[in-house]
Structure formats: C-alpha cells, structure tokens
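Single-structure report; data block below.
Both counts, for ligands and for their atoms, begin at 1 and track the order of listing.
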Amino acid sequence: MPTNENVRIAPADGKLGVLIPGIGAVSTTFMAGVEAVKRGLGIPVGSLTQLATVRLGKRTEARTPMIKDFVPLAGLEDLVFAGWDIFEDSAYQAATNAKVLEPSLLEQVREPLEKIKPMKAVFDHEYIKRIDGPNVKQGGTKMDKAQMLMDDIREFQQSTGVARTIMIWCASTEVFHRPSQVHQTLKDFECGLMKDDPEIAPSQIYAYAALKMGVPFANGAPNLTTDTPALLELAREKNLPVCGKDFKTGQTFMKTLLAPGFKARMLGMHGWFSTNILGNRDGEVLEDPGSFKSKEETKLSVLDQILQPKLYPQLYGDLYHAVRINYYPPRGDQKEGWDNIDIFGWLGYPMQIKVDFLCRDSILAAPLVLDLVLFLDLAQRAGMRGIQEWLSFYFKAPMHAPGLYPEHDIFIQLMKLKNTLRWMKGEDLITHLGLEYYD
Ligand SMILES: NC(=O)c1ccc[n+]([C@@H]2O[C@H](COP(=O)([O-])OP(=O)(O)OC[C@H]3O[C@@H](n4cnc5c(N)ncnc54)[C@H](O)[C@@H]3O)[C@@H](O)[C@H]2O)c1
C-alpha cells in the first residue's frame with residue numbers, strides 16, 4: 001500500500017480527555033450516548049467515525065473499510081469527560097432537566113454521568129443575557145480567569161492520567177461581536193486579557209486557556225471564539241488544530257442538502273423563508289437579539305455561498321432569505337422547523353416546496369460532537385495545525401483561510417473529509433473521473 005511520506009500519525013494510545021464548556025442538552029446527550037453505546041444500549045446513529053466506510057482505490061477493488069479501521073481513532077472506551085457550567089447540576093441532573101433522553105435510559109448510565117460535576121465557569125452576563133447561575137469563577141482579570149481555567153485543565157489531566165485532551169464548546173450562544181483591535185494579534189489579545197478588554201468573550205478565554213495548554217479547540221456555537229487572527233496565531237504557534245463554527249444540524253443541514261440540488265439542475269430561486277419553534281435553554285438564550293444575531297449570521301450565509309448569485313444573477317440575483325427562531329417552551333428540545341422555498345423552472349414558471357422538519361436538536365448534534373472530538377484528536381496526532389477545513393462538514397459557518405470562501409455544499413464537504421483521510425494514509429484521492437473503467 002502506498003504511504004504518504006508527509007504524514008505520520010502517532011498512535012491513539014492512552015485515554016483521551018474531552019473538556020466541555022457547557023454541560024447542557026447537547027453535551028449531556030453526547031456523553032450519555034457514548035456511555036449507552038459502550039454498554040450496548042444503543043447505536044451511534046449519525047456518527048461517521050462509528051458507522052461510515054471509506055472507499056479506497058478503484059471501484060473494482062472492493063476496498064471499503066470502516067473509517068475507524070482505516071485511520072487510528074481513539075475508542076469510545078478511551079474517552080474521559082469533564083466540563084464547566086454556570087449551574088452546579090451534575091451531567092446526570094442536567095441530562096434529566098434537558099429531557100432529551102428517556103429517564104429509563106439515563107438511569108442505566110447514571111453512575112458515570114453523576115460523577116461529572118461541572119467546574120466553575122468563566123461567565124459574563126454581557127455575552128449571554130437570558131441566563132444566570134451560581135457556579136462562576138469570581139474576581140481577577142480576564143487573564144487571571146484564563147489562568148484559573150489552565151489550572152482546571154492541569155488538575156483534570158493529572159487526576160485522570162489522560163494522554164491527550166480536546167476541548168469542544170457546547171455552551172450557550174454568545175452575543176454577536178465582530179473581531180476588534182484586541183483580536184488582531186496574540187500580543188494585543190494578551191494585553192486585552194490583562195486589561196479586561198470588554199471585547200474578549202468568555203468563549204475566547206476558554207479557547208486561549210486550551211490552546212496555551214496544548215489542547216485543540218472546536219466550537220459548536222456560532223460565536224466568534226477562535227475565528228480571530230490572535231487565537232489562530234496561537235493555534236499555529238502551538239501546532240494545534242482548531243475548527244468551528246456552529247454545529248450543522250436541523251434546518252441548516254436540510255438547506256445544505258437541498259440548495260446544492262436546485263443549483264445542480266440550474267433551477268432558480270426567488271425566496272427561502274425559514275422559521276423555527278424550540279423550547280429548550282438554547283431557545284431561551286436565542287430569544288436575546290444579540291445571541292440571535294450570532295445565529296442569524298451563520299444561518300444566512302449558507303445559501304449565498306451555495307447558490308453564488310454573482311455567478312448566476314438570473315437564477316439567484318433577487319433571492320429573499322429570512323430565518324426566524326421563536327422560543328416556545330412546550331416543545332422542549334423537539335424543535336419544529338418550517339421552510340417555504342419559492343423556486344422557478346423552465347421559462348421562469350414558479351413552484352413551491354414546503355419542508356416541515358420535526359427534529360430533535362440534541363439527537364442530531366450529539367454524533368457531531370463525537371466525530372469532532374475523535375477527528376480533532378486524529379488531526380493533532382497527524383501534525384495538522386490551524387483551521388481544519390476538512391471538518392467543514394460538521395459546521396454551519398465553517399472556518400476558512402482569509403481570502404477563501406467557505407465551502408457549504410455538504411457533498412463537497414464530505415468528499416473533502418474522506419479525501420483528507422485518504423491523503424493522511426497515502427491512498428489515492430478519489431476524483432470520480434472514472435475514465436479508466438471504459439478504456
Ligand atoms: N442542538 C443543536 O442542534 C445545535 C446546533 C448548532 C449549535 N448548537 C449550539 O450548541 C450550544 C449548546 O446547545 P444546547 O442545546 O446544549 O444548549 P443548553 O442551553 O442546553 O446548554 C448550554 C449550557 O451552557 C452553559 N453555559 C452558558 N455560558 C457558559 C459559560 N460561559 N461557561 C460554561 N457554561 C456556560 C449553560 O448554563 C447551559 O447549561 C448552543 O450554543 C447552541 O446554539 C446546538
């Protein structure tokens with residue numbers, strides 16, 4: 001088998017620590033799910049690392065190993081969890097409150113979940129308006145808070161003996177901010193931490209602490225976090241991979257399935273109206289216009305990038321795209337998302353498509369958390385640093401190099417992901433040209 005001289009992947013020996021800011025619906029569904037799968041109580045549906053295969057070589061070779069057998073990934077039994085939250089509830093209590101999983105299932109994984117007690121959070125009410133909790137670090141500058149988080153990470157690593165650690169942000173969506181002066185260089189950022197610069201968000205303090213401690217960072221929410229020159233400079237300096245932003249589940253997932261299809265057939269579009277009702281804590285936080293603005297930005301950018309109205313002005317030049325989210329407590333985590341899509345065909349004749357997706361947000365997000373943890377760990381062991389564009393598959397607003405547009409088409413994203421795995425292992429990349437079969 002050919003080998004890629006450029007990539008050496010260190011083995012996945014030892015335990016993998018998973019540190020999670022935000023012990024809420026998504027993270028507890030992820031952790032409870034991993035514990036359930038380990039006990040044979042469920043199947044990790046939705047996870048590529050656990051269920052997907054990757055085709056290698058020519059179609060005639062019939063080589064399609066499982067991804068987890070093809071690249072060396074940490075096993076589920078190697079994951080050790082810990083996290084931070086502004087509430088003191090254990091992961092068991094938080095999962096019970098979130099009401100995503102059945103009490104009878106939670107009971108069977110109660111023991112490991114009860115042991116996960118959130119560490120005191122770094123929290124700033126200016127960044128998350130609708131909630132407040134008691135389990136928060138007090139006093140000191142933002143730099144002192146970063147040091148406290150580094151102490152937490154050190155203590156976790158020492159007490160558990162993990163060989164490697166990953167951090168993944170599963171906390172609430174922070175208020176929308178653009179990068180400012182303090183985010184331009186690492187030096188500016190560190191000065192800002194010492195001076196308590198108001199433009200530095202809590203998620204950035206976590207990310208800074210993680211990267212300083214040699215821990216790769218993934219961002220499951222739409223907030224800026226590592227998507228700033230300063231923190232990317234730190235990631236590169238420390239040779240660490242990072243990825244984000246905003247897990248691609250629910251409505252945006254549907255958008256990235258449907259929109260590439262319309263464009264592939266050169267069907268036009270006048271409008272796409274999306275509305276949602278959801279009643280979990282995420283929904284409550286998103287009632288705040290500042291947090292909603294962060295979400296709206298990531299949700300809106302998707303169609304524009306996929307449809308490329310500048311290249312196809314006749315088809316998409318006057319597209320009207322709107323996204324609404326309404327907090328509606330009776331539904332809990334069981335969101336309902338409606339899409340009305342006004343498309344047009346031959347000679348401009350209009351048609352409509354209605355999508356009503358009764359989805360379960362955290363059920364869709366949990367496997368993404370698992371895959372991101374395992375792939376980010378793989379990337380680190382393969383010596384990959386900075387933005388991991390091949391993980392765009394998982395995000396609504398994929399981070400990308402300056403000057404590049406992000407790739408939103410989920411099928412291109414999947415090809416990029418699998419080709420990256422092939423590249424890591426020195427296998428031929430698959431272009432789907434296939435002329436050789438007809439020679
Ligand atoms: N579920 C999905 O499909 C999905 C998709 C994309 C993005 N997301 C994002 O993932 C995140 C988690 O979603 P969720 O449904 O679990 O929300 P949730 O409200 O159930 O959990 C978030 C938790 O974060 C905690 N928190 C807030 N600020 C914190 C801080 N500074 N430090 C530590 N903890 C803090 C909250 O107390 C809460 O327990 C949200 O930002 C959400 O927008 C979710």
Side-chain angles (χ1 to χ4, degrees), residues 19-32 46 82-91 93-100 118-137 142 145 148-149 152 167-176 200-207 209 218-223 225 244-254 276 278-288 291-292 294-299 302 325 327 332-335 337 357 359-369 372 394-397:
L19 287 174
I20 312 180
I23 302 298
V26 169
S27 62
T28 59
T29 306
F30 155 63
M31 293 185 283
W84 296 265
D85 204 286
I86 63 169
F87 297 104
E88 287 160 344
D89 297 333
S90 72
Q93 195 54 50
T96 305
N97 298 345
K99 295 196 180 70
V100 177
M119 297 177 271
K120 283 189 190 305
V122 171
F123 186 71
D124 181 346
H125 212 248
E126 287 303 309
Y127 279 84
I128 296 176
K129 305 272 190 198
R130 297 280 157 127
I131 55 172
D132 231 331
N135 197 35
V136 172
K137 294 190 196 304
K142 291 188 175 182
K145 299 251 170 56
M148 291 180 217
L149 289 172
D152 290 346
M167 188 184 289
I168 183 159
W169 177 269
C170 293
S172 314
T173 299
E174 294 175 329
V175 165
F176 180 73
I200 297 181
S203 64
Q204 290 169 334
I205 306 178
Y206 284 94
N219 180 13
N223 22 257
T225 314
K245 309 174 302 233
D246 205 4
F247 300 130
K248 178 150 82 178
T249 59
Q251 200 165 53
T252 308
F253 168 55
M254 293 311 267
N276 296 273
L278 86 160
N280 57 15
R281 193 182 280 155
D282 187 28
E284 192 176 352
V285 168
L286 292 173
E287 276 275 285
D288 172 63
S291 288
F292 176 68
S294 296
K295 255 303 171 209
E296 192 184 26
E297 287 279 319
T298 66
K299 281 177 170 265
V302 167
I325 300 180
Y327 178 52
D333 202 63
Q334 272 136 281
K335 180 160 94 178
F357 190 10
C359 75
R360 293 171 188 262
D361 252 9
S362 303
I363 292 292
L364 291 170
L368 311 194
V369 181
L372 284 166
Y394 294 102
F395 296 110
K396 282 194 199 74

Margin query: Which option wins on minimum heavy-atom distance to atom 25 (C) of ligand 1: D85, I23, T249?
Written below: D85
Notebook entry, point to check: Quick one: do K137 and D152 make a salt bridge, cutoff under 4.0 Å?
Noted result: yes
Checklist line | Euclidean distance, K396 NZ relative to F247 CZ, rounded to 0.5 Å | finding: 9.5 Å
Notebook entry, point to check: So which protein heavy atom does atom 18 (P) of ligand 1 come closest to, and at what separation?
Noted result: A25 N, 3.9 Å
Notebook entry, point to check: A25 and S362: which non-hydrogen atoms are nearest, and at how many Å?
Noted result: CB-OG, 3.4 Å
Item checked: F87, Y206, F123, W169: member with heavy atom nearest to atom 32 (N) of ligand 1 -> Y206
Notebook entry, point to check: Do N280 and D361 meet the criterion of a side-chain donor-acceptor pair at a distance under 3.5 Å?
Noted result: no
Checklist line | Residue and atom name of the nearest protein heavy atom (relative to atom 7 (C) of ligand 1), distance in Å to one decimal | finding: D246 OD1, 3.0 Å
Notebook entry, point to check: For ligand 1, does K248 get within less than 4.0 Å through its side chain, its backbone, both, or neither, judged by non-hydrogen atoms?
Noted result: neither
Margin query: Going by the rule side chain to side chain contact (heavy atoms under 4.5 Å, CB included), which residues pair with Q334 if we only count those two or more places apart in sequence or in a different chain?
Written below: R360
Next item on the list: Give the residue and atom name of whichever protein heavy atom lies nearest to atom 10 (O) of ligand 1, and the separation in Å to one decimal.
Entry: G220 O, 4.0 Å
Next item on the list: For atom 17 (O) of ligand 1, grab the closest protein heavy atom and report residue, atom and distance to one decimal in Å.
Entry: D282 CB, 3.7 Å
Next item on the list: Taking atom CZ of F253 as the centre, report whether more than 12 heavy atoms of other residues, nucleotides or ligands fall under 6.0 Å from it.
Entry: no
Item checked: Per-residue contact class, V122 against ligand 1 - non-hydrogen pairs under 4.0 Å -> backbone
Check: Are any of the N or O atoms of T173 closer than 3.5 Å to those of ligand 1?
Finding: yes
Item checked: Worked check of side-chain contact (heavy atoms from CB on, under 4.5 Å) between I86 and D132 -> CA-CA 7 Å; I86 63 169; D132 231 331; 5.6 Å; no
Item checked: Rounded distance (nearest 0.5 Å) linking atom SG of C359 with atom CG of N276 -> 8.0 Å
Item checked: Geometric N/O contact L286 with ligand 1, under 3.5 angstrom -> no
Notebook entry, point to check: Nearest to atom 41 (O) of ligand 1, what protein heavy atom do you find, and at what distance?
Noted result: A171 O, 2.7 Å
Next item on the list: Among all protein heavy atoms, pick the one closest to atom 13 (O) of ligand 1 and tell me residue, atom and distance.
Entry: V26 CG2, 3.6 Å
Notebook entry, point to check: Which residue and non-hydrogen atom of the protein lie closest to atom 19 (O) of ligand 1, and at what distance in Å?
Noted result: R281 CB, 3.1 Å
Notebook entry, point to check: Does K396 come within less than 4.0 angstrom of ligand 1, counting non-hydrogen atoms of the residue?
Noted result: yes
